[in-house]
Enquirer: 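Just dropping this structure here.
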Amino acid sequence: MIAIVDYGIGNIRSVEKGFIKVGADVRITSDPEVIADAQGVVLPGVGAFKDCMRNLDNLDILGSIVKEIEKGKPYLGICLGLQILFTESEEFGFCKGMGIFKGKVVRFKFDDNPQMKIPHMGWNNARLLQRPPVFNGIPDKSYFYFVHSYHVVPEEENIVAARTDYGIDFVSMVWKDNVFATQFHPEKSQGLGLKILKGFSDFVAGNH
Amino acid sequence: MLAKRIIPCLDVRDGRVVKGVNFVNIRDAGDPVENAIYYDEQGADELIFLDITASHEKRKIILNVVEKTADDVFMPLTVGGGIKSLADIRELLHAGCDKVSVNTTAVKDPYFISRAAEKFGSQCIVVAIDAKRVDNNMSEATGEDWFSEPSLKGVCLDLPSKIPPFPPLLKGDEEGLWALSTHGGRKMKLIDAVRWAKKMEELGAGEIMLTSMDKDGTKDGYDIELTRTIAEAVTIPVIASGGVGNLEHLYEGVVKGKADAVLAASIFHYREYTIKEAKEYLKSKGVPVRL
């Protein structure tokens with residue numbers, strides 16, 4: 001069973017429906033025990049970093065997610081679920097993230113080019129720099145659906161699995177060991193997105 | 001490179017598509033889910049359901065439509081029409097839609113947008129703007145209760161000095177002036193559409209869905225001047241709507257109008273063009289699209 005973490009914000013139903021569509025056994029939960037029992041953890045998310053951290057903290061599940069990641073349990077982060085892996089975010093002053101990866105979450109800045117809209121919203125290509133197992137069958141430069149105003153700036157280049165061009169060449173996927181995270185929304189990226197969800201569910205099954 | 005989006009829009013009344021796709025390989029042309037699947041297969045970039053259900057008691061039907069659509073269609077889904085409260089938004093998002101489009105409620109209470117953006121995030125709050133060129137009909141335009149509020153005064157049209165009679169603007173006038181329109185273009189508000197768009201951005205809207213009520217239904221093409229003026233005035237994405245009759249119009253919308261996305265209804269419903277044909281056409285003219 002894969003646990004989809006429910007922390008009160010974000011459209012988790014779409015993620016659940018995506019996994020169901022590819023035949024995965026998933027459960028929406030905010031119970032640390034269920035997260036501990038699960039073979040994989042998915043942290044979806046749209047919205048604000050600060051609210052996300054606060055809600056996870058209030059629900060007492062932040063610590064258990066970090067613990068499971070450190071134990072090597074497969075993790076898939078989506079959008080905020082990627083950003084929150086990093087040390088800190090500049091959103092609304094500074095707030096701390098999980099600190100799994102070193103680096104920052106910063107806002108897009110296009111002061112000199114007002115034609116660049118924020119949020120970065122719509123379909124854009126992911127240029128693959130690595131081939132994480134969950135990306136089986138995904139052609140390079142495939143289009144995925146993005147909606148975000150912040151992006152991550154990792155300190156270590158070796159965790160960067162894909163980059164996307166939007167004014168700057170930002171990081172659109174990170175991967176290290178059993179931790180996978182996308183800035184885009186696989187659950188909203190039609191067939192190729194579902195392939196990633198299937199890829200994660202197969203990885204979890206193979207890992208178990 | 002970020003692709004320009006092509007977005008079909010479906011009008012839904014009492015859970016049924018009005019003007020649904022009329023063709024043989026769909027079992028039920030009035031079923032919103034079947035229509036959504038059809039557009040999904042064609043490679044639409046997003047989908048908008050415009051709920052035109054009049055009766056408030058039947059409002060729950062759209063939730064069921066969204067839920068069923070989200071079972072099978074994995075692309076961004078926006079629902080507009082009849083959204084009056086934060087609870088309405090929460091229900092729609094929970095049912096599986098990604099964005100809601102708000103029009104009348106924002107006009108009545110602009111700060112509804114800031115409350116909604118704070119609660120659910122700007123990315124899911126689309127403000128729909130129905131704009132119409134200012135002309136002599138403005139003599140019957142009305143204001144809103146909040147017009148005296150200093151923080152919002154900037155969006156009001158300063159008209160008593162100009163009306164009556166308001167000088168009619170010539171077509172193609174450099175200094176276009178547009179006001180918000182309600183009731184499908186029949187009534188006018190004393191609100192400047194461009195300044196309103198900026199105010200909505202400031203209050204937290206994540207996207208603008210801009211419909212020209214002069215062009216809507218004409219098949220003459222978008223109001224390019226209106227689209228460009230608003231697209232250049234805000235830093236959030238703008239969806240152009242109203243007036244599409246052929247593929248050249250889509251091209252004009254993104255290139256001359258500088259829209260980030262183009263919405264069309266009838267050219268796709270009546271199968272004059274498929275989404276794929278529209279994208280291939282745009283691609284042949286050098287517009288980045290997802291094919």
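Per chain, numbering begins at 1; letters A, B, ... match sequence-line order.
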Enquirer: Of all the heavy-atom pairs spanning Phe74(B) and Ser14(A), show the shortest one and how long it is.
Expert: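 Minimum heavy-atom separation between Phe74(B) and Ser14(A): CE2-O, 4.1 Å.
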Enquirer: Go through the atoms of Ala233(B) and report whether side chain, backbone, both or neither lie under 4.5 Å from a heavy atom of chain A.
Expert: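 Ala233(B) has no heavy atom closer than 4.5 Å to chain A.
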Enquirer: Nearest 0.5 Å, what's the CH2-CD distance between Trp123(A) and Glu46(B)?
Expert: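 Nearest 0.5 Å value for the CH2-CD distance: 8.5 Å.
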Enquirer: What part of Glu16(A) gets closer than 4.5 Å to chain B, counting heavy atoms only: side chain, backbone, both or neither?
Expert: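 No part of it gets close to chain B.
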Enquirer: What part of Arg290(B) is in contact with chain A, defined as an atom under 4.5 angstrom from a non-hydrogen atom: side chain, backbone, both or neither?
Expert: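 Both backbone and side chain.
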Enquirer: Can we say Asp71(B) and Lys21(A) salt-bridge, meaning some charged N sits less than 4.0 Å from an Asp/Glu carboxylate O?
Expert: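 So Asp71(B) does not pair with Lys21(A) through a salt bridge.
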Enquirer: Crowded around Lys109(A) NZ? As in, over 12 foreign heavy atoms under 6.0 Å?
Expert: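 It does: Lys109(A) NZ has more than 12 such atoms within range.
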Enquirer: Tell me, yes or no, whether the heavy-atom count around Lys102(A) atom NZ, taken from other residues, nucleotides or ligands under 6.0 Å, exceeds 12.
Expert: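 No, NZ of Lys102(A) has 12 or fewer neighbouring heavy atoms, counting only those of other groups under 6.0 Å.
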Enquirer: Using non-hydrogen atoms only, which part of His120(A) is less than 4.5 Å away from chain B: side chain, backbone, both, or neither?
Expert: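 Side chain of His120(A) only, per the 4.5 Å heavy-atom cut-off to chain B.
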Enquirer: Work out which heavy atom in Pro237(B) is nearest to a heavy atom in Ile118(A); give both atom names and the distance.
Expert: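 What the structure gives for the nearest pair is CD-O, 4.4 Å.
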Enquirer: Can you tell me how far apart NE2 (His94(B)) and CZ (Arg13(A)) are? Round to the nearest 0.5 Å.
Expert: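 CZ of Arg13(A) is found 5.0 Å from NE2 of His94(B).
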Enquirer: Show the nearest heavy-atom pair for residues Met1(B) and Tyr143(A), with the distance to one decimal.
Expert: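 Minimum heavy-atom contact is O-CE2, 3.8 Å.
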Enquirer: Where on Cys124(B) is there a heavy atom nearer than 4.5 Å to chain A: the side chain, the backbone, both, or neither?
Expert: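 Neither part.
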Enquirer: Which one, Glu207(B), Glu201(B), Lys4(B), leads in non-hydrogen pairs under 4.5 Å with chain A?
Expert: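 Between Glu207(B), Glu201(B), Lys4(B), the count favours Glu207(B).
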Enquirer: For chain A, which candidate among Ala3(B), Ala117(B), Gly43(B) shows the most heavy-atom pairs at distances under 4.5 Å?
Expert: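 Heavy-atom pair counts peak at Ala3(B).
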Enquirer: Does Arg115(B) have more than 12 heavy atoms from other residues, nucleotides or ligands lying within 6.0 Å of its CZ?
Expert: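 More than 12 within 6.0 Å, yes.
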Enquirer: Count the heavy atoms of every other residue, nucleotide or ligand shown that sit under 6.0 Å from NZ of Lys17(A), and state whether that count exceeds 12.
Expert: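 Yes, the 6.0 Å shell around NZ holds more than 12 heavy atoms from other groups.
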Enquirer: What part of Leu2(B) gets within 4.5 angstrom of chain A, counting heavy atoms only: side chain, backbone, both, or neither?
Expert: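 The answer is both parts of Leu2(B).
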Enquirer: Tell me, side chain or backbone of Gln190(A) under 4.5 Å from chain B's heavy atoms, or both, or neither?
Expert: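 Gln190(A) touches chain B through backbone and side-chain heavy atoms alike.
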Enquirer: Answer yes or no: does atom CE of Met1(A) have more than 12 heavy-atom neighbours from other residues, nucleotides or ligands under 6.0 Å?
Expert: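 Yes, the 6.0 Å shell around CE holds more than 12 heavy atoms from other groups.
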Enquirer: Among Pro288(B), Ala95(B), Gly96(B), Pro76(B), which residue forms the greatest number of heavy-atom pairs with chain A at distances under 4.5 Å?
Expert: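 Top count of heavy-atom pairs under 4.5 Å with chain A: Pro76(B).
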Enquirer: Using a 6.0 Å cut-off, check whether atom CD of Glu118(B) has over 12 heavy atoms from anything other than its own residue.
Expert: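 12 or below, so no.
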Enquirer: Between Ile20(A) and chain B, which part of the residue has a heavy atom less than 4.5 Å away: side chain, backbone, both or neither?
Expert: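 No part of it gets close to chain B.
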Enquirer: Go through the atoms of Ala231(B) and report whether side chain, backbone, both or neither lie under 4.5 Å from a heavy atom of chain A.
Expert: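 Backbone plus side chain of Ala231(B), per the 4.5 Å heavy-atom cut-off to chain A.
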Enquirer: Drop me the distance from Asp260(B)'s CG to Met121(A)'s CE, to the nearest 0.5 angstrom.
Expert: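 If I round to the nearest 0.5 Å, the distance is 9.5 Å.
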Enquirer: Which distance, rounded to the nearest 0.5 Å, do you find between the OH of Tyr145(A) and the CG of Asp98(B)?
Expert: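 The OH atom of Tyr145(A) sits 7.0 Å away from the CG atom of Asp98(B).
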Enquirer: What part of Glu67(B) is in contact with chain A, defined as an atom under 4.5 angstrom from a non-hydrogen atom: side chain, backbone, both or neither?
Expert: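 Glu67(B) touches chain A through backbone and side-chain heavy atoms alike.
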